[in-house]
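What's counted below: heavy atoms across the whole structure, side chains too, no hydrogens, waters or symmetry copies.
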Amino acid sequence: MILDAFRLTGKVAIVTGARTGLGQGMALGLAEAGADIVGIDLNHLEKTRKGIEERGRKFLGIEVDLSNIGVIAGIVERTVREFGKVDILINNAGIIRREDSLEFTEGDWDDVMSINLKTVFFFSQAVARQFVKQQTGGKIVSVASMLSFQGGIRVPSYTASKSGVMGLTRLLANEWAKYNINVNAIAPGYMATDNTAPLRRDPQRSEEILQRIPAGRWGTPEDLQGVAVFLASEASRYVSGYTIAVDGGWLAR
């Protein structure tokens, strides 16, 4: 049955940025499909834990700062110690800084590039090494953005980092396909999350955005669940190096 290819029963997924928003939504979706979840965030993972356990799956919460890549090896080791393996990585953790490019600071550039791109690469590397060690293959899904395709305004380091995520997804897919590792990305549109709260609070900017989205609404974390499960499952075994937009039609406008 084709639906069996979407099931994640017995799989173990690491989801970064799992406290709220898109990361939490994808973690819940993977759990509903059958996966046990290792959720990573700075703090306050209790709500995510509750949602995962209500769905009958196991949850391991690890509260760390991913701007320090030195913590990554320990996360993978702890996951393997607790669950015996890892099958899926969702690189969701990310930050954004808004400022005119003429005024943008080195600190804001470095902070965003560190979390959004450097951490994505080194977390992917650590998990891919574990996949190779296990000889099981695996799935890596990173969260890109519409700004992987477009320029945007007032978010230079975010645009650079998310363009980098799309390029890195292609490169890693090329290198790791021989190990049966699928590397893909999701590019969310304008989603109702903490990152877009300033835009949604601005009536003029919010209306300008909504008028351009053919679906006529902001996206929700639930809108990413289907594509996350697809890319994490055997249903996508021949999808490699691709970035799928989930944007209500924004890029088609």
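Among all heavy-atom pairs drawn from G39 and A18, the shortest one is CA-CB, 3.8 Å. Closest of all the heavy-atom pairs between F59 and T48 is CE1-CG2, 3.9 Å. In plain terms, the two heavy atoms of V15 and G23 that are nearest each other are CG1-O, 3.6 Å. When all heavy atoms are compared, the tightest approach of P188 to L22 is CG-CD1, 3.9 Å. Closest heavy-atom contact between A93 and G17: CB-N, 3.8 Å. When every heavy atom of A185 is checked against every heavy atom of T169, the shortest pair comes out as CB-OG1, 3.7 Å.
In this structure, the separation between NZ on K11 and CZ on R57 is 12.5 Å, given to the nearest 0.5 Å. Rounding to the nearest 0.5 angstrom, the gap separating the CZ atom in F230 from the CG atom in N184 is 8.0 Å. Within the model, atoms CE of M191 and CG of D223 stand 5.0 Å from one another, a figure rounded to the nearest 0.5 Å. Atoms CG and OG, on N92 and S142 in that order, are 9.5 Å from each other to the nearest 0.5 Å. Between I140 atom CD1 and W176 atom CH2 the span is 5.0 Å, to the nearest 0.5 Å. The CD1 atom of I90 lies 5.0 Å from the CG atom of L30; values are rounded to the nearest 0.5 Å.
In terms of modelled atom types and a separation under 3.5 Å, the side chain of R170 and the main chain of V165 share no donor-acceptor contact. Not one N or O on the side chain of S240 forms a donor-acceptor pair closer than 3.5 Å with the backbone of N182. Under the 3.5 Å distance criterion, the side-chain polar atoms of R7 are left unmatched by any main-chain donor or acceptor of A33. Between the side chain of R253 and the backbone N or O of G249, no donor-acceptor pair lies under 3.5 Å. Not a single donor-acceptor pair under 3.5 Å links the side chain of N116 to the backbone N or O of S161. A donor-acceptor pair under 3.5 Å is formed between the side chain of T79 and the backbone N or O of I75. S124 contributes a side-chain N or O that, together with a main-chain N or O of V120, makes up a donor-acceptor pair within less than 3.5 Å. In this structure a side-chain-to-backbone donor-acceptor pair under 3.5 Å is present from T119 to L66. For the pair S148 (side chain) and K162 (backbone), a donor-acceptor distance under 3.5 Å is present. No donor-acceptor pair closer than 3.5 Å links the side chain of R129 to the backbone N or O of A126.
A salt bridge links R19 with D194: at least one charged nitrogen is closer than 4.0 Å to a carboxylate oxygen. Contact check on D87 versus K85 returns a salt bridge, with a Lys/Arg side-chain nitrogen under 4.0 Å from an Asp/Glu carboxylate oxygen. R97 and D108 are joined by a salt bridge, as a carboxylate oxygen and a charged side-chain nitrogen come within less than 4.0 angstrom of each other. Salt-bridge check for R205 with E208: passed, with a basic side-chain N closer than 4.0 Å to an acidic carboxylate O. Under 4.0 Å is where a charged nitrogen must lie from a carboxylate oxygen, and between K50 and E46 no such pair does.
The shortest distance between side-chain heavy atoms of W218 and I213 does not fall below 4.5 Å. Looking only at side-chain heavy atoms (C-beta outward), V183 and E175 stay at 4.5 Å or farther from each other. Proximity of L117 to L168: side-chain heavy atoms (C-beta onward) are separated by under 4.5 Å at one or more points.
Residue Q204 qualifies as open at atom CD: its count of foreign heavy atoms under 6.0 Å is 12 or below. Within a 6.0 Å radius of CZ in R237, other residues, nucleotides and ligands contribute 12 heavy atoms or fewer. Residue Y242 places its OH atom among 12 or fewer non-hydrogen atoms of other residues, nucleotides or ligands, all under 6.0 Å distant.
Membership of an apolar cluster is not assigned to L42, as no side-chain contact below 4.5 Å to another ILVMFWY residue is traced.
At a cut-off of 3.5 Å, with distance as the only test, no side-chain donor of S114 or D111 sits close to an acceptor on the other residue. Side-chain atoms of S236 and K139 form a donor-acceptor pair, as typed in the model, at a separation below 3.5 Å.
In the hydrophobic clustering of this structure, L8 groups with I52; members are Ile, Leu, Val, Met, Phe, Trp, Tyr whose side-chain heavy atoms approach within less than 4.5 Å, directly or through other members. Hydrophobic clustering (side-chain heavy atoms under 4.5 Å, transitive across Ile, Leu, Val, Met, Phe, Trp, Tyr) keeps L231 apart from M166. Following chains of ILVMFWY side-chain contacts shorter than 4.5 Å, one can reach V141 starting from F6, so the two form part of one hydrophobic cluster. Hydrophobic clustering, with ILVMFWY side chains joined whenever heavy atoms are under 4.5 angstrom apart, keeps F131 apart from I88. There is no path of hydrophobic side-chain contacts, each under 4.5 Å, that joins L89 to L28.
For the side chain to side chain contact (heavy atoms under 4.5 Å, CB included) with Y190, the lone residue among R200, R217, M146, R212 that qualifies is M146.
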request  = Kindly determine whether E77 and R81 satisfy salt bridge (charged side-chain N to carboxylate O under 4.0 Å, His left out), including the steps that lead there.
outcome  = CA-CA 6 Å; E77 289 170 5; R81 188 165 63 248; 5.3 Å; no
ask   = Yes or no on side chain to side chain contact (heavy atoms under 4.5 Å, CB included) for E63 and I40, after CA distance, side-chain angles and deciding distance?
value = CA-CA 6 Å; E63 297 182 355; I40 314 299; over 6 Å; no
inquiry  = Using side chain to side chain contact (heavy atoms under 4.5 Å, CB included), reason through E99 and T105 one step at a time and then give a plain yes or no.
reply    = CA-CA 9 Å; E99 181 57 87; T105 67; over 6 Å; no
